[in-house]
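Have a look at the structure below, then the notes.
Counting starts at 1 for both ligands and their atoms, in listed order.
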Amino acid sequence: MLHAPYTIVGSGIAGLAAAEAIRARDPQALITMISEEAHAFYSRPGLAYFLRGDIPEAQLQIRRPDDLQRLRLQRVNARVVQLNPASNLLYLSNGETVVYQQLLLATGALAVQPNFPGHELAGIVKLDSLNDTQQIVRLARRSKNAVVIGGGITALELVEGLLSRKVQVHFFLRGTSFWSDILDQNESQIVLERLRHEGVTIHLQTQIKQAIGQQGKLTAVETADGKTVPCDILGVAIGVKPRIEIAIQAGLATKRGILVDPQLRSSVPNIFVAGDCAEVQNPRTGTTTLDVLWPIALRQGRIAGANMTGLLQNYSKEIAFNVTQIAGLRTTIIGSIGGGSNQDLVAITRGESESWRWLPTAKMVNNNDEHNHLRMAIGERQILGALIMGDQRWSHLLQDLITNEVDITPVRNSLLKGGANALERLAAFHAEWLVARKKLKR
Ligand SMILES: Cc1cc2nc3c(=O)[nH]c(=O)nc-3n(C[C@H](O)[C@H](O)[C@H](O)COP(=O)(O)OP(=O)(O)OC[C@H]3O[C@@H](n4cnc5c(N)ncnc54)[C@H](O)[C@@H]3O)c2cc1C
């Protein structure tokens with residue numbers, strides 16, 4: 001039996017950040033990290049860049065070997081198969097038993113698997129881990145045609161990755177638009193047009209009936225409306241699910257994720273939770289929400305790790321913010337901006353926050369040209385969210401106003417009327433706000 005005072009399950013960014021926080025506060029601590037991931041710590045968002053060929057695999061590493069040496073982790077490469085909170089025990093897939101004092105569950109999320117006939121054929125892939133990405137890179141070398149299904153960013157990353165590896169791509173969408181939970185029709189059209197221009201064949205309102213194969217290998221897919229599309233690769237990105245099976249079996253309070261209090265404690269006091277598997281209170285909506293975002297997993301990991309050593313800091317859910325690349329367009333999403341139509345998605349996708357989808361009574365204001373797109377959700381007194389595609393000139397200003405929940409009453413009407421002048425007025429208002437804030441800080 002292994003005695004492990006601080007035990008972390010999961011070696012993603014939440015687990016790593018927690019280990020670093022524990023080490024910073026307790027130089028002598030024995031920190032044990034159990035994970036079924038065999039690779040060294042790597043960036044999951046970076047997988048999309050690696051798949052596209054933008055960066056080499058080596059650039060995915062997020063810590064230098066000497067940093068890791070200083071961290072002095074006891075690492076165990078195994079799967080936790082059972083948790084017994086009453087006796088502080090973990091049972092591992094290699095037959096080992098671990099007794100912990102403080103436990104962190106940082107088990108992340110996994111891609112939702114398809115269930116149509118033929119789903120087990122070789123050539124059907126997902127983009128979850130480094131192993132998955134290496135497999136896609138290998139397959140792409142000898143593949144001509146691929147089909148990708150899914151309506152969110154990961155599906156798009158698969159499309160772009162395969163395209164850059166000279167594979168002909170068919171992109172199947174359940175509805176008539178892309179990422180309809182977050183993007184409006186116009187933004188979705190911009191993305192789809194760019195993909196068509198790159199040579200992607202878009203199939204709207206198309207679902208798979210079955211995958212067809214020969215000798216266990218994928219050769220084609222049949223759609224619900226009777227079309228057959230030959231393919232060697234089928235990329236599936238229909239959402240992710242938090243990995244909460246051991247928490248459920250152990251009797252911890254769960255919904256879609258593992259429920260936590262503001263200190264990131266589960267319903268059992270010496271079990272903390274961080275990252276994609278944590279479902280946290282959102283004071284803005286009064287509900288609990290899931291985030292599948294790297295910076296949030298990192299921040300939660302840091303706080304949970306420090307709290308395991310006795311600090312007891314609160315995690316307050318900030319306004320979600322992310323910068324990503326959508327069909328080659330730099331896109332920033334801040335706050336709540338989505339329509340929540342839920343046409344294309346069956347679950348939350350990687351690189352997404354549920355709070356983006358939540359849209360209170362707000363008026364949408366657009367400022368567009370052919371290539372760039374700016375959309376703001378204007379509430380009674382504040383800007384509640386913004387989506388900036390292409391030209392990022394307004395991104396910092398909007399991030400400031402939204403995340404600081406600034407009262408924009410003096411410029412609200414002009415914003416609602418719209419037009420270039422309205423944005424200039426907003427910029428002047430922001431400049432005044434910055435000066436006022438500086439004075440206040442002195
Ligand atoms: C392709 C891709 C693109 C992304 N793009 C973005 C982006 O643009 N922006 C953004 O903010 N986020 C993005 N994300 C999401 C972001 O990477 C995740 O939110 C973040 O990595 C979550 O970290 P985590 O530590 O919570 O979980 P994970 O990184 O999933 O780590 C969980 C770990 O736990 C291990 N584990 C699980 N269960 C067990 C068990 N029972 N026993 C042992 N080990 C177990 C797993 O093997 C894994 O190592 C992307 C993710 C992917 C895959």
Side-chain angles (χ1 to χ4, degrees), residues 7-19 32-52 60 62 75-83 90-94 96 98 103-111 125-133 136 150 152-161 235 237 239-250 257-258 264 273-280 290-302 304-305 320-326 330-333 348-353 356:
T7 301
I8 296 169
V9 184
S11 59
I13 189 62
L16 175 61
T32 304
M33 180 177 278
I34 306 163
S35 182
E36 59 181 2
E37 172 69 68
H39 290 286
F41 297 105
Y42 61 87
S43 160
R44 273 175 205 271
L47 295 175
Y49 296 83
F50 169 48
L51 183 62
R52 274 203 303 266
L60 292 172
I62 50 174
R75 290 201 65 175
V76 181
N77 185 206
R79 190 155 61 89
V80 173
V81 289
Q82 202 187 332
L83 157 65
L90 291 172
Y91 299 92
L92 311 191
S93 52
N94 61 8
E96 189 88 66
V98 177
L103 176 67
L104 175 72
L105 296 177
T107 48
L110 262 191
V125 297
K126 60 189 172 62
L127 181 59
D128 245 359
S129 64
L130 182 52
N131 276 348
D132 294 337
T133 319
I136 300 170
I153 304 185
T154 314
L156 188 64
E157 288 171 341
L158 275 166
V159 168
E160 292 177 321
V240 295
K241 273 205 165 139
R243 295 192 64 179
I244 61 172
E245 43 311 333
I246 51 174
I248 293 175
Q249 161 270 322
I258 308 169
L264 299 176
V273 188
D276 288 359
C277 63
E279 187 165 345
V280 303
L290 292 170
D291 292 295
V292 193
L293 287 171
W294 176 271
I296 291 185
L298 172 89
R299 203 159 72 83
Q300 289 181 353
R302 274 189 192 144
F321 169 84
N322 197 26
V323 185
T324 187
Q325 201 77 359
I326 301 186
R330 207 175 168 79
T331 303
T332 302
I333 306 174
I348 188 167
T349 66
R350 296 262 187 215
E352 198 200 309
S353 165
W356 294 345

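Here the protein heavy atom with the shortest distance to atom 26 (O) of ligand 1 is Asp276 N, 2.9 Å. The closest protein non-hydrogen atom to atom 3 (C) of ligand 1 is Glu157 OE1, 3.5 Å. Summary of contacts: the protein heavy atom closest to atom 27 (O) of ligand 1 is Gly108 CA, 3.3 Å. Here the heavy atom of the protein found nearest to atom 25 (O) of ligand 1 is Ala14 N, 3.0 Å. The protein heavy-atom contact nearest to atom 4 (C) of ligand 1 is Pro45 CA, 3.5 Å.
Rounded to the nearest 0.5 Å, atoms CD1 (Ile333) and OG1 (Thr324) are 7.5 Å apart. To the nearest 0.5 Å, atom CG of residue Leu103 and atom CG of residue Leu105 are 4.5 Å apart.
Under a cutoff of 6.0 Å and an axis angle of 45°, Arg75 and Phe41 form a cation-pi pair.
Close approach of ligand 1 to Pro295 is summarised as follows: ligand atoms under 4.0 Å from at least one heavy atom of the residue are 11 (O). Here is the list of ligand 1 atoms found below 4.0 Å of a heavy atom in Ala78: 43 (C). Of all the atoms in ligand 1, the ones that sit under 4.0 Å from a non-hydrogen atom of Ala106 are 32 (C), 33 (C), 34 (O). Set against the non-hydrogen atoms of Glu37, the atoms of ligand 1 under 4.0 Å away are 47 (O), 49 (O). Listed by number with element, the atoms of ligand 1 under 4.0 angstrom from any heavy atom of Gly10 are 33 (C), 34 (O), 35 (C). Each of the following atoms of ligand 1 lies closer than 4.0 Å to a heavy atom of Gly275: 26 (O). Close approach to Ile13 involves these atoms of ligand 1, each under 4.0 Å from a residue heavy atom: 23 (O), 25 (O). Within ligand 1, the atoms closer than 4.0 Å to a non-hydrogen atom of Arg79 are 40 (C), 41 (N), 42 (N), 43 (C), numbered from 1 in the order shown.
Any N or O atom pair closer than 3.5 Å counts here, and Val80 shares at least one such pair with ligand 1. Between Glu245 and ligand 1, not a single N/O pair is under 3.5 Å apart. For ligand 1, the polar-atom distance check finds no N/O of Val323 at less than 3.5 Å from any of the ligand's N/O atoms. For a threshold of 3.5 Å applied to N or O pairs, the pair formed by Trp294 and ligand 1 contains at least one separation below that value. In terms of N/O distances under 3.5 Å, ligand 1 is not approached by Asp128. Considering both main-chain and side-chain atoms, Arg44 comes within under 3.5 Å of ligand 1 through a nitrogen or oxygen pair.
Residue contacts with ligand 1, taken as heavy atom pairs separated by less than 4.0 Å, do not involve Cys277 at all. Residue Arg243 touches ligand 1 through its side chain alone, judged by heavy-atom distances below 4.0 Å. By the criterion of a heavy-atom distance under 4.0 Å, the side chain of Asn322, and not its backbone, is placed next to ligand 1. Residue-level proximity to ligand 1 for Ala297 is carried by the side chain, the only part with a heavy atom below 4.0 angstrom.
With hydrogens and angles ignored, the 3.5 Å screen pairs no side-chain donor or acceptor of Asp291 with any backbone N or O of Ala320. Judged by distance alone, with hydrogens and angles left aside, the side-chain atoms of Glu279 form a donor-acceptor pair with the main-chain N or O of Gly257 at under 3.5 Å. Checking side-chain atoms of Glu157 against main-chain N and O of Ala48 turns up no donor-acceptor pair under 3.5 Å. Using modelled atom types, no side-chain atom of Arg243 and backbone atom of Leu110 make a donor-acceptor pair closer than 3.5 Å.
When side chains are defined from C-beta on, Leu264 counts as touching Val280, because their heavy atoms get closer than 4.5 Å. Under the 4.5 Å side-chain criterion, counting only non-hydrogen atoms from C-beta, Phe321 is not in contact with Ser353. You'll find the side chain of Leu83 stays beyond 4.5 Å of the side chain of Tyr91, heavy atoms only. In this structure, the side chains of Thr7 and Leu104 stay at 4.5 Å or more apart for every pair of heavy atoms. At a threshold of 4.5 Å between non-hydrogen side-chain atoms, the residues Leu47 and Tyr42 count as touching.
The two residues Ala106 and Ala14 come nearest to each other via the heavy atoms CB-CB, 4.0 Å. Closest of all the heavy-atom pairs between Ala297 and Ile13 is CB-CG2, 3.6 Å.
Taking 4.0 Å as the cut-off, Ser93 does not count as a neighbour of ligand 1 on heavy-atom distance. Heavy atoms of Leu127 come nearer than 4.0 angstrom to ligand 1 in at least one pair.
No salt bridge links Arg79 with Glu37; every basic N to acidic carboxylate O contact stays at or beyond 4.0 Å.
In this comparison of Ile8, Thr107, Val292, the heavy atom closest to atom 39 (C) of ligand 1 sits on Thr107. Nearest residue to atom 45 (C) of ligand 1 from Glu36, Met33, Lys126 is Glu36 (criterion: closest heavy atom).
Within 6.0 Å of the CZ atom in Arg52, the count of heavy atoms belonging to other residues, nucleotides or ligands exceeds 12.
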